[in-house]
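Here is the structure we will look at, set down as structure tokens.
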Amino acid sequence: MFFSLGVSMGALIMYSSYNDFRNDIFRDAMVVSILDTITSVISGMVIFSVLGAMAHDLGPGTSIEDVVDSGPGLAFMAYPEALSRLPVPQLWSILFFFMLFILGLDSEFALMENVLTSLPCTTRGGQYILEMMDKYGGGTAVVCVAVVESMAIAWVYGVDRFCEDIKFMLGKKPGIYWRITWKITGPAILTFVFVYSLVEHETLKYGHYDFPDWADAVGWGLASSPCSTYLSGQ
């Protein structure tokens, strides 16, 4: 949910700026979150059922981890191979990649800066650059920004003041559940995820290729850039 909703990437804040002042943001947030959760669950069921079938076809003792690595390989390697086994594979392949095209297109409207960062991905080393940007630019950095945002709203600006703003907009205050979530549960979980990602960090790999040390250094520079910029802005 965190990454599929694009939390901390600026798109949600940008879109919300076009709302009417008294728009029911609580309703919108609940609808979008619920639909996103349902979509993620359905997608997970489809993907892992396909991977399970592929592991079964490869023979006894083959696990899902042996079929394909996580990351872009799921969408561009494992799933197309599964679609080729279905009746009329051309139809399902066209529908699948058309879906990916639409998903990518609407993300581009929200994150136009991706146009600049995607140019190096068209070179011969583009897949390696994509792996670096995906691991460092879209993982650790985004979670770090989310931790700072949640702490700034809950503890710096204050949950009570935030609830008063919502009451001024919608005519009612959020319940105690949301206050606890915004002040304690949310920041605690995000902080745990951020620290755990640092503890369990592994050097970059793509298949059987180990990235050199300088590539990890560049990746950490990529991750620290938005974090330091955001912290200085706060």
Side-chain angles (χ1 to χ4, degrees), residues 1-49 70-71 74 99 102-103 106-107 109-111 114 134-201 223-224 226-234:
M1 283 186 63
F2 181 87
F3 292 105
S4 59
L5 283 174
V7 178
S8 304
M9 295 183 180
L12 294 177
I13 299 175
M14 180 270 294
Y15 281 137
S16 66
S17 65
Y18 293 99
N19 285 336
D20 294 333
F21 182 75
R22 301 192 183 280
N23 178 64
D24 194 345
I25 55 174
F26 184 83
R27 176 202 61 199
D28 294 347
M30 294 299 297
V31 170
V32 173
S33 300
I34 292 174
L35 291 178
D36 181 75
T37 302
I38 295 174
T39 303
S40 299
V41 171
I42 294 176
S43 301
M45 293 174 62
V46 172
I47 290 174
F48 284 100
S49 62
S70 62
L74 283 175
M99 176 194 70
I102 294 176
L103 290 174
D106 71 350
S107 298
F109 283 114
L111 305 170
N114 286 349
D134 179 64
K135 182 176 181 64
Y136 290 102
T140 305
V142 175
V143 178
C144 176
V145 171
V147 171
V148 176
E149 285 184 345
S150 62
M151 296 293 290
I153 293 176
W155 294 96
V156 178
Y157 185 75
V159 169
D160 293 336
R161 188 182 300 174
F162 187 60
C163 290
E164 288 293 338
D165 293 338
I166 295 180
K167 181 181 178 181
F168 181 61
M169 296 172 64
L170 306 180
K172 58 181 179 180
K173 280 187 177 182
I176 187 64
Y177 168 80
W178 298 107
R179 298 187 187 187
I180 295 176
T181 299
W182 293 332
K183 192 169 184 176
I184 300 176
T185 311
I189 293 176
L190 289 173
T191 302
F192 172 79
V193 172
F194 177 67
V195 174
Y196 183 80
S197 65
L198 296 179
V199 173
E200 294 294 320
H201 172 74
S224 61
C227 292
S228 58
T229 302
Y230 195 84
L231 287 172
S232 61
Q234 291 293 324

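Of the options Val145, Thr185, Val147, a side chain to side chain contact (heavy atoms under 4.5 Å, CB included) to Leu190 is made by Val147 and by none of the others.
Expressed to the nearest 0.5 Å, how far OG1 of Thr181 lies from CD1 of Ile189 amounts to 8.0 Å. The distance from atom OG of Ser33 to atom CD1 of Ile38, rounded to the nearest 0.5 Å, is 11.0 Å. Between atom CG of residue Asn19 and atom CE of residue Met169 there is a gap of 8.0 Å, rounded to the nearest 0.5 Å. Asp20 CG to Arg22 CZ: the interatomic distance, rounded to the nearest 0.5 Å, is 11.0 Å. Put simply, OG on Ser150 and CD1 on Ile184 are 12.5 Å apart, with the number rounded to the nearest 0.5 Å. Here the SG-NZ distance, from Cys163 to Lys183, works out to 10.0 Å after rounding to the nearest 0.5 Å.
You'll find the side chain of Met45 reaches within 4.5 Å of the side chain of Val41, heavy atoms only. Between Ile166 and Phe26, the closest side-chain pair of non-hydrogen atoms is not below 4.5 Å.
In this structure, Arg179 fails the cation-pi test against Phe162, since its NZ or CZ atom is not both closer than 6.0 Å to the six-membered ring centre and inside 45 degrees of the ring normal.
Within 6.0 Å of OH on Tyr157 lie more than 12 heavy atoms contributed by other residues, nucleotides or ligands.
Judged purely by atom type and a 3.5 angstrom limit, Asp24 uses its side chain to pair as donor or acceptor with the backbone of Arg27.
Ring orientation note: the planes of Trp182 and Trp178 are tilted relative to one another, at an angle of 30° to 60°.
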